[in-house]
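The structure presented is a predicted model; accordingly, all values stated were derived computationally and were not measured. Labels below follow one simple rule: chain letters A, B, ... track the order of the sequence lines, proteins then strands, and each chain is numbered from 1.
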Amino acid sequence: MKFFYDKVSALLQGIVSNNYKITLDYPVWELPSRQKFGDLSTAAPLKIASKLGKNPLEIAQEIKEDLGKRVSENIKKIEIAKPGFVNLFFSESLLISELKEIIKYKQDYFKGNNNRKVLIEFVSANPTGPLSIAHGRQAVVGDVIANLLEAQGNQVKREYYLNDQGRQIDLLVLSAKERIKEIEGKECHIPEGGYQGEYLKDVARAYLKEGNGGSLYQFCLCYIQSLIKADLDKLNISFDDWFSQKKLIEEKKVEEAIEALKEDGFVYEQEGALWFSSTKFSDDKDRVIKKSDGTLTYFASDIAYHYNKCRRGYDKLINLWGPDHHGYIGRVKSALKALGYKRKDLLTVVIIQLVSLKSKQKMSKRAGKLIRFSELINEVGKDAARFYYLTRKDSSHLDFDIDLAQKSSFDNPLYYIHYVCARIESIFKKANSPLDEEFSKYLEEPQELDMVRFLLQFPLCLQKSYYSLEPVFIIEYLKELASMFHKFYEKVRVLGDDPKKTKARLNILQATKEVLYFGLGILGIEPIEEM
RNA sequence: GCGCCCGUAGCUCAAUCGGAUAGAGCAUCGGCCUUCUAAGCCGAGGGUUGCAGGUUCGAUUCCUGCCGGGCGCGCCA
């Protein structure tokens with residue numbers, strides 16, 4: 001679909017007054033609070049004026065006259081505002097004809113036509129234990145970003161990078177071994193830096209019962225991977241692929257990548273170790289890829305992993321990492337450039353900030369242990385967990401308020417949104433009159449047109465989220481939409497005495513429902529038909 | 001010491017590549033149910049945007065320097 005504002009924008013872009021290029025500042029989806037400034041606004045006169053040393057109001061006047069001549073049938077009025085804005089107000093017929101498009105095309109109205117092959121890698125928590133609440137946030141944000149990418153028409157693969165080799169795994173297996181000893185009544189010493197968690201006792205017990213003397217390493221890995229999968233399943237998140245680091249190493253992909261770097265002269269030896277000269281790109285210092293004891297670093301396999309992603313033909317890579325990895329971005333990007341993948345926006349790393357829990361009952365304080373992600377889900381449920389994980393920007397620390405998420409009252413924004421679904425469904429159940437094509441002239445209340453305006457801005461919200469990879473904007477939009485709907489509901493009675501007006505208003509409800517359901521669909525949250 | 005994130009109403013947060021009167025929700029106070037679900041709506045109070053400069057028509061936003069908070073700076077993964 002070509003979005004409404006794209007169409008209008010295209011309409012206006014043909015208009016260049018005396019070679020002034022007009023850029024459109026508004027609308028954005030926050031518009032209702034600024035509605036007096038019009039449906040579209042531009043500060044172009046100010047910018048042009050400062051360049052040319054002219055009076056901005058005179059330039060605004062020129063633009064107004066030029067626009068007025070060319071798009072009069074779709075524009076109700078054009079205003080000039082100090083110190084040099086031009087504000088356009090759309091005609092009602094333009095707004096309503098677009099509302100009809102939403103009702104006609106339904107969910108397809110919001111879909112984009114990008115077509116990139118995108119690989120999004122997220123969570124990728126070490127398989128040494130169940131997920132933490134911070135991983136939960138990465139999981140939800142990653143899943144929603146993937147939904148957004150898909151809705152914009154891209155081919156998306158969700159991938160989990162499984163660090164199934166290395167010291168952490170060794171420590172895990174050693175710790176499990178000690179737990180087995182413990183169960184067998186022998187002395188038990190969890191190694192320095194090992195894993196103390198209760199779940200390892202479960203692993204040990206399960207191994208003794210069903211392990212049949214097989215590889216403890218294999219058993220631990222499978223067991224814990226299934227724990228992680230179960231946690232993700234509670235959020236309704238699944239991955240297309242679990243990419244094994246071990247396999248990468250066994251298949252000599254790391255050596256291959258190092259060879260490729262060597263060929264181009266980006267590798268050197270010093271003090272018995274092998275270094276990648278990442279400072280030749282945009283890193284602070286060079287990085288070791290093979291240690292002096294001959295083993296490879298984690299970074300080396302990460303180079304190979306990203307090399308592999310590119311060779312699989314993806315033209316866009318997105319990684320979601322925790323804030324402890326931010327220092328890592330430069331070296332991975334450097335490696336990709338060194339390997340010949342120079343496209344500037346090839347790799348985007350989204351840093352997801354940490355999560356803390358807030359609750360009056362001190363459920364998180366149990367003997368200083370970290371609260372497990374699965375406990376959180378059990379407390380608040382899938383939809384509330386998904387919703388609240390998305391209420392802050394990726395780059396902001398999130399304080400998860402468990403009490404609020406559990407509340408079924410009006411200060412819980414998810415309930416506020418769900419209440420819209422319930423009210424709409426309830427009206428449709430009682431209405432039983434079909435939608436009418438010829439409703440345009442029966443929409444005249446300000447609340448009705450406000451609803452239409454706001455609904456038409458939803459694609460802008462989607463685009464904003466899409467380009468910034470910030471799902472929070474959809475949350476904010478839906479909260480605003482809910483607020484507008486409840487106002488509309490109070491002021492304008494849908495099922496009234498005038499059947500023409502009723503039909504017209506049912507059209508608004510229908511379009512609201514399409515927007516709401518599409519938005520919730522992206523967020524992975526179920527609508528509720530009855531409350 | 002260096003890098004990243006953050007600092008906005010009593011609390012939790014918004015504020016569109018720099019835009020117009022810095023907005024919501026909670027909490028507080030006051031109104032609205034014989035009518036589509038009051039889990040809602042309407043109204044009031046509440047601000048020197050951490051501090052000090054700079055850039056310009058215009059700064060919460062950009063730059064510099066401080067103050068305060070979080071995280072990271074390995075031949076760990």
Any [X] side-chain nitrogen or oxygen under 4.0 Å from OP1 or OP2 of [N]:
X	N	answer
A:K430	B:rU37	yes
A:R392	B:rA14	no
A:K479	B:rC13	no
A:K393	B:rA15	yes
A:S426	B:rC36	no
A:K491	B:rU35	no

Is any side-chain heavy atom of A:I402 closer than 4.5 Å to a side-chain heavy atom of A:Y388?
-> no
Heavy atoms, side chains only, cut-off 4.5 Å: are A:T391 and A:F400 in contact?
-> no
Say we look at [N] and [M]: how far apart would their [atom1] atoms be, to the nearest angstrom?
N	M	atom1	value
B:rC63	B:rU55	C1'	7 Å
B:rC75	B:rA15	P	39 Å
B:rA52	B:rC13	P	25 Å
B:rG47	B:rA9	C1'	6 Å
B:rU61	B:rG19	P	10 Å

Is there a donor and acceptor pair, one atom on the side chain of [X] and one on the base of [N], closer than 3.5 Å?
X	N	answer
A:E271	B:rC75	yes
A:D164	B:rA77	no
A:H325	B:rG72	no

Kindly state whether the ring of A:Y419 and the ring of A:H486 have centres lying under 6.0 angstrom apart.
-> yes
Rounded to whole angstrom units, what separation is found between the [atom1] atom of [X] and the [atom2] atom of [N]?
X	N	atom1	atom2	answer
A:Y388	B:rU12	OH	P	16 Å
A:Y477	B:rU16	OH	P	18 Å
A:E490	B:rA38	CD	C1'	7 Å
A:Q353	B:rG70	CD	C1'	8 Å
A:E79	B:rG19	CD	P	21 Å
A:W321	B:rC4	CH2	C1'	14 Å
A:I329	B:rG72	CD1	C1'	11 Å
A:K503	B:rC36	NZ	P	22 Å

[X] side chain: which of [options] is closest?
X	options	answer
A:Y416	B:rU37, B:rC41, B:rA20	B:rC41
A:Q168	B:rC36, B:rA15, B:rA77	B:rA77
A:W275	B:rC75, B:rA39, B:rA77	B:rC75
A:R493	B:rC36, B:rA39, B:rA15	B:rC36
A:K285	B:rC73, B:rC71, B:rC36	B:rC73
A:Y489	B:rC5, B:rC36, B:rC75	B:rC36
A:E476	B:rA14, B:rC71, B:rC36	B:rA14
A:Y298	B:rA77, B:rA39, B:rA20	B:rA77
A:A273	B:rC5, B:rC75, B:rC41	B:rC75
A:P83	B:rG19, B:rA20, B:rC71	B:rG19

Within the structure shown, what part of the strands sits under 4.0 Å from [X] by heavy-atom distance: base, sugar-phosphate, or nothing?
X	answer
A:D324	sugar-phosphate
A:V492	base
A:E530	base
A:H486	sugar-phosphate
A:S292	base
A:F299	nothing

Cation-pi geometry met for A:K464 and A:F473 (6.0 Å, 45°) = yes
Using the ring of A:F485 (Phe, Tyr or Trp, six-membered ring only), decide whether A:R423 places NZ or CZ under 6.0 Å from its centre and within 45 degrees of its axis.
-> no
Kindly assign one of parallel, tilted or perpendicular to the pair A:H325 and A:W321, based on the angle between their ring planes and the thresholds 30° and 60°.
-> tilted
Residue mapping more 5' on RNA chain B - nearest nucleotide basis, A:D284 or A:N163 |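 Whichever sits nearer the 5' end wins; that is A:D284.
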Can [X] and [Y] be counted as having a side-chain donor-acceptor contact under 3.5 angstrom?
X	Y	value
A:D286	A:S277	no
A:Y160	A:Q225	no
A:Q168	A:T128	no

Syn-anti status, with the boundary at 90° from 0, for the nucleotide B:rC62 | anti
For A:F85 and B:rG19, is the gap between ring centres under 5.5 Å while the planes differ by less than 30°?
-> no
